[in-house]
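Okay, structure first, notes after.
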Protein chains: 2
Amino acid sequence: MQESLDNLCDRLRNAGLRPTRQRLSLAELLFGSGDRHVSAEDLHKEALAARVKVSLATVYNTLNQFREAGLLREVAIEGDRTYFDTNTSNHCHFYVEGEGRLIDFPSEGIAVTGLPATPAGTALAGIDVIVRLRPKGV
Amino acid sequence: MQESLDNLCDRLRNAGLRPTRQRLSLAELLFGSGDRHVSAEDLHKEALAARVKVSLATVYNTLNQFREAGLLREVAIEGDRTYFDTNTSNHCHFYVEGEGRLIDFPSEGIAVTGLPATPAGTALAGIDVIVRLRPKGV
DNA sequence: ATTTGTGCAAATCGTTTGCATCTGA
DNA sequence: TCAGATGCAAACGATTTGCACAAAT
């Protein structure tokens, strides 16, 4: 699902964000190669490795702006770091306890049944399924 | 599901934790009245309100010890605070985006189907379902 | 008596913010 | 030109930790 720079430009513009050098570079890293989930620090390291000059603060700001714009979603995982996911639709993660490791898995075929109605005054925004795993033999 | 002090004492002992005044009081608050989920600060305030003398640091330490002992579970929710749940079995939460509000709901009747096999070297520890909600009309 | 827990304050760490400088439209 | 972005460093808030004191076995 490779995206052209022009495409990314439009996506940013549609989100009301100026397509600056930094934002485009980060968007390219994020959306250039399939679904991914990253922490701010991950992305910052990646950007530096790709010779993109960005400060960590800008990475944080950009991730938050992308999230507000609906381009990213925060992953519901406990732990000290915040992870962002480029897949904004409902989906699922394996979470390896003790290691803090997070593994995507495709949500096709997953169904959750028997859910109660949403409380008054709220609308369904999405459903996350976290499959917690324990390393074997520990 | 009221528990006696003796019961709590035994639970702590079985977990390898000395039943100290503070731990017993916190355990009483946590397990004394059905399933609940609290943050460290919540519990600290509650303890103070109940005239239990504990420091916030001890509340943190105690919650972590309880978690390690399997008496509590950390709730998989994004956000700045960590929540602990006295219900250590699989279950579900409503999470109201924007408000950070967390609502338990009973997991009876909930089923998740179509899950892939667990990755090699890991065993299933549990499944969390987070139903994300958006305040209506926002 | 010895080992383990507690309180306090200082240290940590991820994340956010204020402000001066730069850049895209 | 000029609103909006960026970088840096300082600020922040939740959580952890080091150490002297207190309590449990």
Side-chain angles (χ1 to χ4, degrees), chain A residues 5-6 8-29 37-48 51-69 71-72 74-84 100 102, chain B residues 5-6 8-29 37-48 51-69 71-72 74-84 100 102:
Chain A
L5 272 182
D6 285 355
L8 290 173
C9 245
D10 288 348
R11 257 171 106 166
L12 291 182
R13 261 192 257 272
N14 289 338
L17 298 169
R18 268 198 206 160
T20 64
R21 189 168 30 267
Q22 290 85 333
R23 292 216 265 239
L24 273 175
S25 303
L26 293 179
E28 208 175 355
L29 289 171
H37 43 77
V38 292
S39 69
E41 233 171 328
D42 291 343
L43 186 57
H44 186 228
K45 282 205 195 84
E46 231 179 280
L48 294 185
R51 295 151 200 248
V52 177
K53 270 196 66 180
V54 247
S55 71
L56 182 56
T58 297
V59 172
Y60 273 107
N61 291 334
T62 304
L63 284 173
N64 283 328
Q65 289 155 354
F66 283 9
R67 170 170 46 82
E68 279 155 29
L71 268 41
L72 290 176
E74 211 171 326
V75 183
I77 294 283
E78 75 262 16
D80 28 0
R81 267 195 276 284
T82 300
Y83 281 87
F84 291 89
L102 191 63
Chain B
L5 272 181
D6 284 353
L8 290 172
C9 245
D10 288 346
R11 257 172 105 166
L12 292 182
R13 262 191 256 273
N14 288 339
L17 299 169
R18 273 197 202 163
T20 64
R21 190 168 29 267
Q22 289 85 334
R23 293 215 265 240
L24 272 174
S25 301
L26 294 178
E28 207 174 356
L29 288 171
H37 44 77
V38 294
S39 68
E41 232 169 330
D42 291 343
L43 186 57
H44 186 228
K45 284 207 193 83
E46 231 179 281
L48 294 185
R51 295 149 200 248
V52 177
K53 271 197 66 179
V54 247
S55 71
L56 182 56
T58 297
V59 172
Y60 272 108
N61 291 334
T62 303
L63 284 173
N64 283 327
Q65 289 155 355
F66 283 10
R67 170 170 47 83
E68 280 155 29
L71 268 41
L72 290 175
E74 212 170 326
V75 182
I77 293 284
E78 75 261 18
D80 28 1
R81 265 195 279 283
T82 299
Y83 281 89
F84 291 88
L102 191 62

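In what follows, chains are A, B, ... by sequence order, proteins preceding strands, each numbered from 1.
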First encountered from the 5' end of DNA chain D, between A:K53 and B:L56: A:K53
Which whole-number value in Å describes the distance from A:E41 CD to C:dC13 C1'? 9 Å
Using OP1 and OP2 only, check whether a side-chain N or O of B:S55 sits under 4.0 Å from C:dG7. yes
Got a second to check how far B:L43's CG is from B:Y83's OH, nearest 0.5 Å? 12.5 Å
Can you confirm whether the side chains of B:N61 and B:T58 place a donor and an acceptor under 3.5 Å from each other? no
Grab the CG-P distance between B:L63 and D:dA14 for me, whole Å please. 15 Å
To the nearest Å, how far apart are B:D80 CG and C:dT16 P? 9 Å
Give a yes/no on whether any side-chain N or O of B:N64 is located under 4.0 angstrom from OP1 or OP2 of D:dT16. yes
The nucleotide from C:dT17, C:dA25, D:dT6 with an atom nearest the side chain of A:T20 is D:dT6
Does one side chain, of B:N14 or B:R11, offer a donor that lies under 3.5 Å from an acceptor on the other? no
Which of the following nucleotides, C:dT17, D:dA14, D:dT25, is nearest to the side chain of A:N61? C:dT17
Short side-chain N/O contact from B:T62 to OP1 or OP2 of C:dG5, under 4.0 Å: no
In whole angstrom, give the distance that lies between atom CD of B:E68 and atom C1' of D:dT16. 13 Å
For B:A57 and B:G16, take the nucleotide of DNA chain C holding the closest heavy atom to each; which residue's nucleotide lies nearer the 5' end? B:G16
Please give, in whole Å, the distance from D:dA14 P to B:F84 CZ? 14 Å
Does B:H44 use its side chain to pair, donor to acceptor, with the backbone of B:V54 at less than 3.5 Å? yes
Side-chain N or O of B:Q22 closer than 4.0 Å to phosphate OP1/OP2 of C:dG7: yes
Closest nucleotide of DNA chain D for A:R18 versus for A:V54: which of these residues is on the 5' side? A:R18
Using a 4.0 Å heavy-atom cut-off, does B:S39 contact any base of the nucleic acid, only the sugar-phosphate backbone, or nothing at all? nothing
B:L24 CG - C:dT4 C1' separation (whole Å): 15 Å
Does a side-chain N or O of A:R13 approach OP1 or OP2 of C:dA25 to a distance below 4.0 Å, or not? yes
Just how far, in rounded Å, is C1' of D:dT15 from CG of B:D42? 15 Å
Take atom NE2 of B:H44 and atom P of D:dA14, then tell me their distance rounded to the nearest Å. 14 Å
Counting only side-chain N and O atoms of B:R23, is one of them less than 4.0 Å from OP1 or OP2 of C:dG5? yes
Side-chain touch A:T62/A:Q22, heavy atoms, less than 4.5 angstrom: no
Can you tell me if the side-chain N/O atoms of B:R21 get under 4.0 Å from OP1 or OP2 in D:dA24? yes
Is there a side-chain contact (heavy atoms from CB on, under 4.5 Å) between A:L12 and A:R18 once you walk through the steps? CA-CA 6 Å; A:L12 291 182; A:R18 268 198 206 160; over 6 Å; no
Are B:Y60 and D:dT15 close enough that a side-chain N or O sits under 4.0 Å from OP1 or OP2? yes
